[in-house]
Number of protein chains: 2
Amino acid sequence: MAKLDESLLAHLPPFSLLGREQIREILDLATSQRFEEGATVYHESEDAGRFYLLLDGTVRALHITPEGEHVTALHVPAGQLFGIARALGRSTYPATVETVSEAIVLWWPMSLWPQFIARYEGFATETYRTVGERLGEMQTRIIELSVLHVEQRVASTLLRLVDQTGRKAEGGILIDFPITRQDLSDMTGTTLHTVSRLLSAWQKQGIVESRRKQIMVCEPQSLTALSTARPA
Amino acid sequence: MAKLDESLLAHLPPFSLLGREQIREILDLATSQRFEEGATVYHESEDAGRFYLLLDGTVRALHITPEGEHVTALHVPAGQLFGIARALGRSTYPATVETVSEAIVLWWPMSLWPQFIARYEGFATETYRTVGERLGEMQTRIIELSVLHVEQRVASTLLRLVDQTGRKAEGGILIDFPITRQDLSDMTGTTLHTVSRLLSAWQKQGIVESRRKQIMVCEPQSLTALSTARPA
DNA sequence: CGATAACTTGACACAGCTCAACCTGGGTGG
DNA sequence: CCACCCAGGTTGAGCTGTGTCAAGTTATCG
């Protein structure tokens, strides 16, 4: 395998306090791997044998119910760790992870985890911060699912995606990975039909513009208004 | 303040690996405090100045929306740590915590946190396990809110409460703290009216028996069936 | 240039919300 | 100690948001 460049890690939060040599050390322990769009990295409740760093692309953590319904728990943007079951005192992965777009990852055997925590300054702190952030996201999801209507949930989910992965484009902000109505409905706990109707309606009003597997938000303020509107 | 007895902590997971002296040390640093039923221990986004151990009673973590709606995130049974913002890399509390019944807690200033993590064997591990468990609970909540109907959610919430805090009683298993229809609806993202209707119906079928602020489950199997039934 | 995955749209039904009116048990203060 | 108060609970009536069922259209890819 080609030697990995130190600049890959040096600026990422979990490693930002480390020197050249330590980064080199970490890279030499790592394996890099490429995944196709839609590939599964690991399955829920599988033995957590590796922890990962997402170098490029986006992945999502999801659950599949016994009835086969998909529930998307969260999205992980490039630059973050995932599969960090050990940080949660678990020996199995808590969710299935699959790639949303093509992805490049580094991974290490989980047996190195204690060493990473003990030896690399800032790694533990940043890891736990990441856990905290994800917990916060999940709380937001719970609150939204509990008190908001479908239209509001879809609106605020779109806003969150724009915020996390938006890319400026001609006439609006583009969500920077392929996303279907079904995906959006898995994130909001509704059906692809309802999402489709909402997007159609919003498109007529010029709030969004969507093609197949692609959504561009033209008027974020309108979505913000929709996401907080008092229903009735 | 009266000296606290070492047996209070010795058998609890975060401290189970520690010797007498270390437990003594920890107790001498602790402050004990009693809270009335329904008292607020701390508020969401408040500066996280202390971390807590719940010695007796039950507390719940909840969020209050700008519109004043309450969303219950989780329940903490006696013997667990809470308010452990630092374990999540946060400096503010992520939720409001209030007591469900009378509660006795110990607390320590958050400034001692790094010392607890570094010095007391097993404390870190157990803390992160607790975080992992709570994250798991939240995931379950998200899945349930996404794919289950109200009736199923209320049924499985009741089952969870029975499981976590159930006490064997004459004719069924009693949920061991005062709980209103409103509380249950805050946990399931519905209204107190719907919960009331469900409980009435279930009572007619002999599945539960409920008085004011009290619910007893007589036929857990029936609830299990309801919670997994394919709607339509 | 099929085949198929993604998407759209209409018609309809109903779970569960809202509004409203009413009970009731248990705590408390006069 | 008992009458009052009110938080907590019940139940009905009606409406509507959203799911379900169904039938179609349109991109994209091998």
Side-chain angles (χ1 to χ4, degrees), chain A residues 36-38 65 67-71 100-102 144-155 157-158 175 177-205 208-216 226-227 229-232, chain B residues 36-38 67-71 100-101 144-155 157-158 175 177-205 208-216 226-227 229-232:
Chain A
E36 299 285 347
E37 173 180 331
T65 67
E67 285 78 26
E69 301 204 69
H70 290 222
V71 177
V100 166
S101 50
E102 191 194 355
E144 290 185 354
L145 284 167
S146 297
V147 306
L148 297 186
H149 286 205
V150 167
E151 181 177 47
Q152 304 176 297
R153 300 207 299 265
V154 175
T157 301
L158 272 185
I175 290 171
F177 55 78
I179 181 168
T180 66
R181 319 295 181 220
Q182 175 79 61
D183 291 337
L184 251 183
S185 68
D186 288 347
M187 291 182 224
T188 49
T190 178
T191 61
L192 74 162
H193 307 279
T194 300
V195 170
S196 178
R197 282 184 240 273
L198 286 171
L199 287 178
S200 296
W202 293 344
Q203 180 137 3
K204 279 202 191 84
Q205 298 167 55
V208 303
E209 211 156 298
S210 70
R211 308 171 221 324
R212 154 178 277 241
K213 286 196 175 203
Q214 191 179 101
I215 300 172
M216 182 168 77
L226 282 169
S227 73
R230 292 270 57 201
Chain B
E36 299 284 347
E37 174 179 331
E67 285 78 26
E69 301 205 68
H70 289 224
V71 177
V100 167
S101 50
E144 289 185 353
L145 284 166
S146 297
V147 305
L148 297 187
H149 286 203
V150 168
E151 181 177 48
Q152 305 176 299
R153 300 208 299 265
V154 175
T157 301
L158 272 184
I175 290 171
F177 55 77
I179 180 168
T180 66
R181 319 294 179 218
Q182 175 79 59
D183 291 337
L184 252 182
S185 69
D186 288 347
M187 291 182 223
T188 50
T190 180
T191 61
L192 74 161
H193 307 277
T194 301
V195 170
S196 178
R197 281 184 239 274
L198 286 171
L199 288 178
S200 297
W202 292 344
Q203 180 138 4
K204 278 201 191 86
Q205 297 167 55
V208 304
E209 212 156 297
S210 70
R211 308 170 223 322
R212 155 179 276 242
K213 287 197 175 199
Q214 190 180 102
I215 301 174
M216 181 169 74
L226 282 169
S227 74
R230 292 270 58 204

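Lettering follows sequence order; numbering is per chain, from 1. None of the values given here were measured: they were computed from a predicted structure.
- Panel note: side chain R181(A), backbone V195(A); no donor-acceptor pair is recorded below 3.5 Å.
- Mapped onto DNA chain C by nearest heavy atom, S210(A) and E151(B) fall at different nucleotides, with S210(A) at the one closer to the 5' end.
- Between the CD1 atom of I179(A) and the P atom of dC7(C) there is a distance of 9 Å, given to the nearest Å.
- Rounded to an integer number of Å, the gap from L184(B) CG to dG16(C) P is 15 Å.
- In the set dT10(D), dG9(D), dA6(C), dG9(D) carries the atom at the smallest distance from any side-chain atom of K213(B).
- Rounded to an integer number of Å, the gap from CG of D183(A) to P of dA6(C) is 8 Å.
- When the side-chain nitrogen and oxygen atoms of R181(A) are compared with OP1 and OP2 of dT8(C), one or more of them lie within a distance under 4.0 Å.
- Looking at the side chain of R197(B), the nearest of the listed nucleotides dA11(C), dC7(C), dT11(D) is dT11(D).
- Between T190(B) and the phosphate of dC17(C), there is a side-chain N or O to OP1/OP2 separation shorter than 4.0 Å.
- Listed nucleotides: dC17(C), dT28(D), dG9(D). Nearest to the side chain of T191(B): dC17(C).
- The side chain of S196(A) contributes no N or O atom lying less than 4.0 Å from OP1 or OP2 of dC7(C).
- With rounding to whole Å, L148(B) atom CG is found 11 Å from dG16(C) atom P.
- Distance CG (L199(B)) to C1' (dT11(D)): 14 Å, rounded to an integer number of Å.
- When rounded to the nearest whole Å, the span between CD of E37(A) and P of dC29(D) equals 10 Å.
- Look at NE2 on H193(B): it is 16 Å from C1' on dA15(C), rounded to the nearest Å.
- With DNA chain D read from its 5' end, the first of the two nearest nucleotides for R211(A) and G189(A) is the one closest to G189(A).
- The distance between atom CZ of R212(A) and atom P of dT25(D), rounded to the nearest whole Å, is 16 Å.
- Taking 4.0 angstrom as the limit, S200(A) places a side-chain polar atom (N or O) nearer than this to OP1 or OP2 of dT9(C).
- For T194(B) and dC17(C), the shortest distance from a side-chain N or O to OP1 or OP2 is below 4.0 Å.
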